[in-house]
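Chain A is the first sequence line, chain B the second, and so forth, proteins listed ahead of strands; every chain is numbered from 1.
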Amino acid sequence: MNFTKDSRKQDEELQVILDSVPVLIFYKDKNNRFLKVNKTFAESIGMEKEKVEGESLFNLFPDEQAKLFWQDDKRVIKSGKPKIGIIEQAQTADGLRWFRTDKIPYRNKNGEIIGVIGFAVDITGHKKTEEDLKSNELRLKSAERTAKVGSWELNLLTNKLIWSDEVFRIFEIDKNKFDASYKEFLNLVYPEDRKLVDKAYINSLKTKAPYDIVHRLQFSDGRIKYVREICETYFDKKNTPIKSIGSVQDITEQINTEKELDNLASFPRLNPNPILEINMKGQIIYANPTMLKLFPDIRKRGMMHPMFLSLDLKRIKKDLKLVRREVYAGGRWYDQSIIYVPEIGNIRIYNIDITERKKLEQQKDEFIAIASHELKTPLTSIKAFIQILSKWSQALENKTIPKIVARVDEQVNKLTNLVINMLDETKIQAGQLVYEKELFNLDLLIKEVVYDVCVTDSGHKYRVKVIGKAGKKITGDRYRIGQVFANLLTNAMKYSTPGNIMVKITPGKDQMIVCVRDFGKGIAKKELGKIFNRYYRAHSAKKTNENFASLGLGLYISAEIIKRHGGRIWVESELGKGSAFYFSLPVKLK
Amino acid sequence: MKNIFVIDDDKPILEVTKIILEDYGYKVTVLDNIKGASKLLKKQTPDLVLLDISINGQNGCDFAEKLRTGQATKQIPVIIFSADNKIKKLAQKVGVDFLAKPFDINDLIVKVNKYVK
């Protein structure tokens with residue numbers, strides 16, 4: 001009795017143990033019916049133990065799952081061999097979960113197989129960790145690939161080297177054919193860089209500090225890749241190096257982009273001409289090395305520097321036009337091209353040293369000044385000789401002589417005018433043309449000049465008609481204004497066929513306008529903008545005969561004189577119909 | 001007969017001025033340097049002096065000023081002639097007349113007549 005009692009007690013205790021282990025335990029017969037299950041099993045499918053016992057597998061699980069379970073059961077029953085470590089999913093009260101199941105044959109006392117015993121452990125948590133790891137690994141791989149960063153690990157105890165897929169890809173080595181090896185790696189390193197790589201690693205072992213270097217790889221076809229290597233070595237308590245972990249990044253694209261940018265940046269950097277960029281506040285944003293070399297104080301002096309003399313930033317921004325001008329700085333002349341760059345909102349100033357050109361120009365001006373002055377001296381006596389000759393020849397019987405003398409006088413006057421123009425031009429260039437202000441009668445001046453010019457018209461081929469009157473005196477340089485009017489009148493005769501020339505004076509409260517109109521061949525539209533330029537000779541002027549001597553200075557000098565008087569000079573012309581030259585003069589000089 | 005001194009270092013100018021002025025009935029003495037002119041001015045007092053602005057590198061204006069301030073010469077009218085219009089102002093400053101080169105003989109005669117008619 002005691003034995004029975006003990007044996008029952010033992011059974012009960014065993015049952016308690018079986019029920020409380022976190023393993024699903026079950027016996028099944030050959031007809032897929034559950035003979036016995038522990039509490040863990042019953043609870044997992046949300047049923048009571050007693051209700052499970054005697055129930056068919058197919059009544060407890062979805063068909064698909066039951067079929068798989070039964071397949072394994074049959075195999076174990078048939079073969080008599082256990083099946084260990086089946087990883088499978090099963091429907092539980094908590095939903096679909098992962099199990100690791102061991103199945104062994106269930107034998108009776110005679111050793112005959114009567115069913116199957118199973119132990120299933122819930123591995124859902126484990127499985128999830130594993131999946132997470134796997135997806136992390138995939139993510140890492142994809143990240144490595146995108147960033148072109150490979151990682152490697154060298155076990156210094158076993159000398160085993162592991163490369164990530166990306167390392168193989170960067171090194172262009174077939175993962176399936178070759179193992180990771182330091183030798184393969186070193187073979188790829190650009191010969192000149194091998195020392196650097198070796199040194200960096202050895203040094204890092206010594207100092208126990210990580211290293212970060214950029215070096216090149218060279219492939220058999222000659223291609224070069226730039227890689228960045230970062231490596232750190234780990235040590236044990238005895239300071240023995242255990243492993244090195246590193247990353248290798250393909251930075252060829254970045255390097256190439258940098259090289260390209262650097263190449264572009266070298267244009268202003270290596271430009272032999274000084275270049276500047278300033279913002280709208282007048283602060284210097286960029287000065288190229290040439291600029292800094294020539295003007296080391298440019299940043300310090302800022303807008304006070306002669307480079308920026310009377311620079312109207314707002315106007316340049318508003319006009320959006322390239323501004324050209326000449327400045328004198330540091331003892332040299334510069335041609336400045338100034339432009340506002342809307343994309344960056346700053347102003348750029350490009351300078352070219354034109355000192356040599358300026359010097360040549362000056363030399364030329366000086367030469368003309370001296371030459372014309374020297375020419376004037378003999379002209380003075382020639383002119384005087386001719387005039388006395390002219391006077392005396394009137395008394396001669398031979399009437400051809402006075403005519404010839406008059407012709408010579410005419411030509412000498414032309415020559416004199418050319419020389420005077422040359423001198424005036426050099427004076428304008430040197431800023432030496434002096435203006436003598438006086439109050440004078442414009443009407444009288446016009447009358448005098450018309451008379452003087454008409455006297456030179458030996459054949460009396462032109463008739464000059466004066467319309468209008470200024471009516472009051474004006475202030476200015478009488479001689480110079482007379483020169484302008486004479487120039488316009490002479491031009492009208494030069495460039496038109498014999499006939500009428502009209503002079504019109506339009507008086508105003510603040511200004512007088514004088515117009516000289518001819519009815520000649522006119523000036524082509526494309527030439528109109530240039531005829532006031534220095535040395536410019538209208539196409540028609542070049543073709544005219546030698547009598548119309550011209551250096552392209554008359555209108556230039558006239559324009560300068562009128563400008564200096566605060567007036568305006570302009571032209572209206574139509575081919576075949578003639579030209580009208582106007583100039584305006586303020587009544588009172590400022 | 002009115003006596004006119006013409007001082008210039010350009011021989012042809014001296015020649016032609018002499019011819020013109022003599023043609024108009026003046027007595028003309030030509031001088032091509034200031035030293036000689038100074039010497040002669042101590043002996044003679046002309047009715048007019050025509051003076052070039054630059055005589056062998058010497059400044060005619062300075063000489064004119066000397067004449068204007070000299071006790072014996074300050075009564076003599078002076079006309080400076082020059083190819084340079086700027087001299088006009090300088091001449092005014094010194095208090096002498098001015099004639100631009102190249103000149104028209106009518107202008108020369110008008111100017112001369114103004115002082116020695």
Mind checking what makes ring-ring contact (aromatic ring centres under 6.0 Å, His included) contact with A/Y556, not counting sequence neighbours?
-> none
On the ring face of B/F98, is B/K89 found with NZ or CZ under 6.0 Å from the centre and within 45° of the axis?
-> no
Measure the acute angle between the ring planes of A/Y582 and A/W570, then classify it against the limits of 30° and 60° as parallel, tilted or perpendicular.
-> parallel
Output the option from B/I105, B/I20, B/L14 having the highest count of non-hydrogen pairs under 4.5 Å with chain A.
-> B/I105
Given a strict heavy-atom distance threshold of 4.5 Å, which part of A/T377 is in contact with chain B: side chain, backbone, both, or neither?
-> both
Option in B/D8, B/I19, B/N106, B/T17 with maximal non-hydrogen atom pairs under 4.5 Å from chain A = B/I19
Answer key: most heavy-atom pairs under 4.5 Å with chain A among B/V16, B/D104, B/I13 is B/V16
Six-ring centre of B/F81, B/K101 cation under 6.0 angstrom, axis tolerance 45° | yes
